[in-house]
2 protein chains.
Amino acid sequence: MQTGEVVTIVHGERELMERTAHLMASATDVACAANDLATWARAQASGELAEAMRIRRPGDVRIRKVYRSALLLDPVAAQGLARDRDRHGAQVRITSDEINETIILDRRLVVLAGDVRAGQRSYSVITQRETVQGVTSLFEAAWRSATELDVYDNRIAEIRQLAPQVLDLLSQGVKDETAARTLGLGVRTYRRRVAELMDALGAGSRFQAGVRARELGLV
Amino acid sequence: MQTGEVVTIVHGERELMERTAHLMASATDVACAANDLATWARAQASGELAEAMRIRRPGDVRIRKVYRSALLLDPVAAQGLARDRDRHGAQVRITSDEINETIILDRRLVVLAGDVRAGQRSYSVITQRETVQGVTSLFEAAWRSATELDVYDNRIAEIRQLAPQVLDLLSQGVKDETAARTLGLGVRTYRRRVAELMDALGAGSRFQAGVRARELGLV
DNA sequence: GCCGGAGCGGCAACAACCTGCCATCGCCGC
DNA sequence: GCGGCGATGGCAGGTTGTTGCCGCTCCGGC
């Protein structure tokens, strides 16, 4: 593994950390996109990095994170986000678009998550200037179009309450009419809930929503 | 754990096996309903039971199994079923209804699968005559309405071929019109495929189908 | 009491989906 | 060749889901 290469593929978070931990610890501009809390979790939890971060004052380092909206449907995950934000002074935003898991350090190094093989996720570590700029630009666009955590959180606060029941009914194959009455709602309102749910899941069809909901363990 | 009780709750397959392995080994009429191959798999694989079964001649013991149709969408699982049947001379049928996982031994003892807690599934072991008769009667009804494995397998043979692509398109939220043309099919035929798929998954709505498909790891 | 905003739920128009029907076509077996 | 069989895909008519619109009610502020 030569350090001079512009693109390196590493396997597993451990290897990734070995390569990048020191960079993360010293970075002053961290941008991050993720679909769930698990992905970079170990990164943050593991020893020296968290250490290094704690030493800094807020303001020393700019941390921006974009998460998928579906994450907020899980109360536990939602809490995790808020805690994460408060602890590291990170800015957290929410998008309903599909995002590839990404880390950008100081606009100079990019880590892209690849697919999982043999239980280990592979990562592309990129230092090539043009590519990094391109990815950064994409991230900036996503960042601009994303919604501040607080704002989004308020918006779906009550969705989250009703979500379990709605998902339950949907996954039983109950018709809207019946489901609405079961919940003591009008059909229009029930469908509003379903639409919001699908929006939060980033799903364009109910089938897709079903898949996503199951992926997130919400059903 | 007193042996005189009519209903006993046991936790985990290990405990279940300790209680019932000797009965299974000597039973001459085994009826079984399951949603996947995993459930009673360990039971069959583990030592003495499999041993005991191998010793018998086909004809000595009548083994009937009912599985859910969704299982056949997974080629690997479908193979597993056929192998299982050939090896033990079991009769295998397929139903598209929801079934609770059940074993009935010689019409005298019933095992009902319960929910999973702390990683272990609980089982109700029942010997009470009336209950056993009731459950047996239910099983017989399910058995009669179920379809012979071969017949069902032929029926969905080509569905299984197309299923991955259809599921892929569905899970991308692609509209039927587009999806059909992508596959070089008419909309009518595409929808026919989707309907068959949903039937095989035992789903009454596309949302439900999405959930099931994800559960089975088909998407 | 009055106002404004937010949520609800009926209505309606439209899009999407589901299904029965049937003409058509290719593929056998005769 | 011919008739039967199964798959196809267009069409039609029905059901279900999606969305904008609007009047209604409830509430908090004034």
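In what follows, chains carry the letters A, B, and so on, assigned in the order in which the sequence lines appear, proteins first and then strands, with residues in each chain numbered from 1. Everything numeric here is computed off the predicted structure, so don't read it as measured data.
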A/R188 (side chain) and D/dG20 (base): donor-acceptor pair under 3.5 Å: yes

Just checking, any donor-acceptor pair under 3.5 angstrom between side chains of A/D106 and A/T28? yes

Would you kindly give the NZ-to-P distance between A/K175 and C/dC18, to the nearest whole Å? 9 Å

Sidechain N-carboxylate O distance under 4.0 Å for A/R191, A/E196: no

N/O donor-acceptor pair under 3.5 Å between A/T189 side chain and A/L185 backbone: no

Side-chain N or O of B/T189 versus OP1/OP2 of D/dG9: is the shortest distance under 4.0 Å? yes

Determine whether a donor-acceptor pair (one donor, one acceptor, N or O, separation below 3.5 Å) exists between the side chain of A/R192 and the base of C/dG9. yes

Can you check the B/F207 CZ to D/dT18 P distance for me, whole Å? 11 Å

Can you work out whether B/G184 or B/S205 has the more 5'-proximal nearest nucleotide on DNA chain D? B/G184

In whole angstrom, what separates A/L185's CG from D/dT25's P? 19 Å

Mark yes when over 12 heavy atoms from residues, nucleotides or ligands other than B/Q79 sit less than 6.0 Å from its CD; otherwise mark no. no

Whole angstroms only, please: what is the CE-P distance between A/M198 and D/dT19? 7 Å

Separation of A/E196 atom CD from D/dT18 atom C1', in whole Å? 13 Å

Rounded to the nearest Å, what distance is computed from the CG atom of residue B/L162 to the C1' atom of nucleotide D/dG9? 15 Å

To the nearest Å, how far apart are B/R191 CZ and C/dT19 P? 11 Å

Salt-bridge present (A/D153, A/R160; N to O < 4.0 Å): yes

B/L170 CG to C/dC17 C1': how many Å, rounded? 12 Å

Under 4.0 Å between a side-chain N/O of B/R206 and OP1 or OP2 of D/dT16, yes or no? no

Assign each of B/R181 and A/V187 the nucleotide of DNA chain D bearing its closest heavy atom; nearer the 5' end lies the nucleotide of B/R181

